[in-house]
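For reference, the structure is listed below as structure tokens.
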Amino acid sequence: MQRKRQALILLCLCVLGLAPGCWDSRELNELAITVGLGLDKSGDNVKVTTQIVNPGEVASKQGNQGNRMPFTTISSTEQTVIEALRKQTIILPRAVFTSHLRILVIGEELARDGILKVMDGLSRNREMRSDFYIIVARDAEAEDILATLTPMERISAYKMFKTLEMSAEEWAPTVDVEMDQLLHDLANPLKDTVLAGMVIEGNKEVGSEAHNLDRSKPFTSLVFSGLALFRDDKLVDWLNSQESKGYNYIMNNVDTTAGHLACPDGDGFIAMEVTHAKSSINGSVDQEGEPFIDLSFQLEENVGEAQCEMDLSDTASLERLERVATRQLEEIVRQTIAKAQRNKADIFGFGERIEDAAPREWLRLKDDWRERFAKLKVNIEVDLKVRRIGTTINPLSDRKE
Amino acid sequence: MGMLTKLLRSWVARSTPAPSKPSEDDRARPISGRLGQDFAVIKQAFGGSVDVAGVEISLDPQGRQKIGLAYIQGLVNSAAVQDLTKESLILRASDFGDALIQSSSIAEKEALLRNLIAPIGSIARVGTIDEVLAAMLSGFAVILAEGLPCGFSTDTRKDSDRTVEEPATQSVVRGPREGFTESLETNVSLVRKRIRSPQLWLETSRIGRATQTEVGLMYLKGTADEAVIEEARRRLARIDIDGILESSYIEELIQDETATLFPTMYNTERPDVTAAGLLEGRIAIVVDGTPFVLLAPALFIQFYQSAEDYYQRFEFATLIRLLRYVCFFITLLAPALYIAITTFHQELLPSPLLFNLAAQREGIPFPAFVEALIMEVTFEILREAGVRLPKTVGQAVSIVGALVIGQSAVEAGLVSPGMVIVVAITAISNFVIPSFNMGISIRILRFVLMVIAAIFGLFGVTMGLVAIVQHLCTLRSFGVPYMSPMAPYNNADQKDTILRLPQWAMFARPRHLTRNRIRQRDARAAGPRHKD
């Protein structure tokens with residue numbers, strides 16, 4: 001009896017070793033490491049483009065760097081995204097591995113059509129992390145963007161990822177939206193969203209050829225330009241660079257940036273570096289039951305470049321600068337809000353603020369919120385200080401005399 | 001593990017022949033008192049070996065009283081035997097000699113002979129032939145007298161011991177350079193030199209039917225736990241084996257748990273480590289013929305501590321200890337984690353690292369597990385060869401090893417450079433573990449974890465670690481939990497576990513080892529006087 005039981009336990013252990021086997025083990029050289037994913041509309045189907053790293057070309061090891069490309073782009077078309085991804089194995093010798101995805105590019109046509117359907121497969125996929133950025137190919141197909149070769153960062157998905165990260169930090173007019181934030185916004189029926197747009201500058205055919213990089217100034221480059229404004233899951237409009245900046249000011253996304261003002265006297269411009277920016281959005285409902293938004297900004301700026309004639313050693317002129325800068329900020333913000341209101345897309349989440357402030361009223365307001373948003377009253381209050389003027393005092397043009 | 005032990009035991013029981021009954025010859029034979037006959041019996045007992053010498057000396061011209069000297073040539077110091085013969089010449093002329101000749105009663109004869117040879121020193125009475133044989137085998141000369149049914153053994157042992165040298169294992173930068181030798185006496189004296197206390201007790205016994213190896217049980221009376229001493233005594237007494245050639249024989253025979261990879265007794269070549277162990281309340285088992293002394297009870301953490309921890313400043317010692325624990329995890333887990341992450345959990349790697357590793361793996365014909373196995377086995381081969389080969393050839397092996405493991409295997413496309421780094425760091429980390437036998441345990445477990453990692457990934461590695469911890473927690477060394485003072489947790493003993501606090505903060509002995517815990521009464525007393 002005892003021996004029988006021992007034998008049984010041993011047998012179980014052996015089977016345990018064999019049964020799960022190594023069913024999901026994959027060696028590193030069996031993976032097609034996908035860093036960029038593109039979605040385009042192709043008739044009724046979706047065209048999925050993957051940007052796959054050629055590790056041998058990218059690794060730090062010297063030598064054996066032939067004329068091969070740092071990455072390969074492959075497209076396949078199917079009814080669903082997941083099918084298309086798996087279908088790529090008819091071209092590739094390896095399975096698509098998406099855990100290291102850095103960027104998801106959505107073609108403009110598909111974006112105008114609505115992205116809700118295609119996002120489902122990606123959010124369901126257990127292999128994918130949710131920390132990649134999502135951008136929209138402006139006037140272009142995602143496939144062409146992913147195929148373009150870029151200097152410095154040899155893998156273009158990385159180039160886009162890092163450029164977006166950098167520019168969101170140093171230059172206000174872009175947004176870095178990650179997968180989970182987008183899904184969150186899409187799931188909220190009253191909040192709309194924006195995504196960074198990317199254009200191909202130059203000839204898109206040349207961009208994917210090796211000689212694109214044979215010149216110190218590439219023939220074709222990838223450049224971020226404006227923000228795609230979504231109503232629900234559909235692209236409806238583009239914010240230009242001023243409006244994009246306005247959007248970021250409102251959303252408290254700006255840490256540092258730079259902007260210019262027209263000189264108070266005479267022509268020329270004066271560049272202001274924003275060193276600190278903070279915004280707060282407060283929603284409320286007035287006596288008549290009308291909702292309104294209070295926006296307040298706190299900014300600190302430095303004089304970065306002065307091309308005009310003015311005496312910067314005088315505090316009075318700095319105060320003038322502050323007034324001009326305040327006026328300009330108000331204008332940018334108004335312009336941005338106006339565009340969003342025109343498109344009836346609450347990209348700022350004003351609705352949520354009003355719900356926070358007046359949950360009871362909100363029950364009444366939310367049914368026709370889009371219409372109300374278009375007419376929403378927004379009060380703007382700006383507290384702007386010019387702190388420093390840099391390592392010199394008066395403009396160079398002044399000192400000529 | 002319990003099941004494994006049972007299996008082992010049942011297998012042993014089946015394959016062991018029933019012990020034969022002791023033959024007539026094994027029983028104690030008396031000394032007849034007739035020299036000629038006794039010598040004949042002795043010679044016969046050794047099968048007529050030529051190195052057995054029996055000398056008869058007559059004390060008077062008539063040959064009325066003869067005394068005999070029996071010894072084994074080569075085991076005795078010939079100068080000492082010569083001295084003995086000279087003594088007997090003096091005896092011829094002395095009154096003692098006459099008295100011996102004239103005395104008639106056996107008791108009187110014995111007393112006379114004892115008085116006579118007392119100045120020689122270290123005399124012991126032997127009553128049976130077997131005792132005579134045992135004494136002779138230890139290098140003693142046995143003095144017999146005609147008409148006396150007993151004899152006396154005197155110490156004529158040859159001092160063939162090697163001198164005290166620096167120990168080859170467990171070397172330190174700062175600390176004593178003395179190491180144990182193969183002689184029990186020297187080893188005991190080396191410890192006594194460090195603990196000059198009458199409380200240091202030594203009990204010796206002979207173990208091994210054929211080898212009659214002297215085994216000493218040493219402890220600090222009043223500090224060591226009486227229960228542990230009693231247990232050790234009992235276990236030593238139960239040993240019934242033909243020979244003990246090294247302390248490992250004892251270790252394997254008396255350890256608590258046989259079916260474990262982990263050592264539950266500590267061995268050391270260093271008298272200072274032994275002394276420290278005794279002072280903490282451990283017992284030491286000294287075996288004649290080997291420089292390795294056993295210490296028990298042994299705890300898991302003990303194997304990660306070095307004598308040097310106490311000879312360097314405590315901050316440094318603590319950092320080095322932490323480093324050792326890190327190395328423990330590296331040497332146990334590095335190849336397993338590498339396999340698990342590169343074959344199951346590629347998403348855990350930073351992307352640039354993934355690209356690099358993937359690029360290295362291009363063109364490697366084996367799966368990561370096989371690759372790791374090849375490298376690990378190659379390394380183990382080289383290491384084993386390095387240990388066995390003569391020192392002069394050893395260098396050649398290390399050159400070949402460096403080339404084979406490093407450059408060539410990569411260039412030949414057998415393994416990836418990343419794997420070489422993993423194996424190298426694993427190997428180096430293993431050498432950081434101060435105790436060689438713990439290092440072996442980890443080496444074996446590393447292979448087990450590699451297999452698990454190749455099948456189940458990180459999940460399997462985690463389960464493997466859980467199993468190891470569970471096993472460790474079931475172990476005991478002479479009744480003391482192996483993982484103490486971590487499991488069961490004991491706050492006071494943390495002072496010398498992962499950390500090594502300064503000496504003034506360590507005023508109590510480990511709780512699990514002794515009840516007599518006071519080490520320093522006033523920890524601050526030795527410091528500078530504080531102004532009141």
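Just the heavy atoms: all of them, side chains too, but no hydrogens, waters or symmetry mates, feed the values below. So that the names make sense, note that chain A is the first sequence line, chain B the second, and so on, each numbered from 1.
Arg361(B) contributes atom CZ, which lies 8.0 Å from atom CD of Glu30(A) (distance to the nearest 0.5 angstrom). Between atom CZ of residue Arg26(A) and atom OG1 of residue Thr342(B) there is a gap of 12.0 Å, rounded to the nearest 0.5 Å.
Remark: Phe431(B) CZ is packed, more than 12 non-hydrogen atoms of other residues, nucleotides or ligands lying under 6.0 Å away. For NZ of Lys204(A), the number of neighbouring non-hydrogen atoms (other residues, nucleotides, ligands) closer than 6.0 Å is 12 at most. In His345(B), the NE2 atom is crowded: over 12 heavy atoms of neighbouring residues, nucleotides or ligands sit closer than 6.0 Å. Around the CZ atom of Arg86(A), the shell of radius 6.0 Å holds no more than 12 heavy atoms that belong to other residues, nucleotides or ligands. For CZ of Arg124(A), the number of neighbouring non-hydrogen atoms (other residues, nucleotides, ligands) closer than 6.0 Å is 12 at most. Shown here is Phe459(B), whose CZ atom has no more than 12 heavy atoms of other residues, nucleotides or ligands within 6.0 Å.
The one candidate from Ile341(B), Leu357(B), Asn356(B), Thr343(B) that meets the side-chain contact (heavy atoms from CB on, under 4.5 Å) condition with Leu28(A) is Leu357(B).
Not a single donor-acceptor pair under 3.5 Å links the side chain of His100(A) to the backbone N or O of Phe355(B).
When all heavy atoms are compared, the tightest approach of Ile364(B) to Asn29(A) is O-ND2, 3.8 Å.
In this structure, Glu347(B) does not pair ionically with Arg129(A), as no charged nitrogen and carboxylate oxygen lie closer than 4.0 Å.
A 4.5 Å side-chain heavy-atom check between Pro55(A) and Glu362(B) finds at least one atom pair inside the cut-off.
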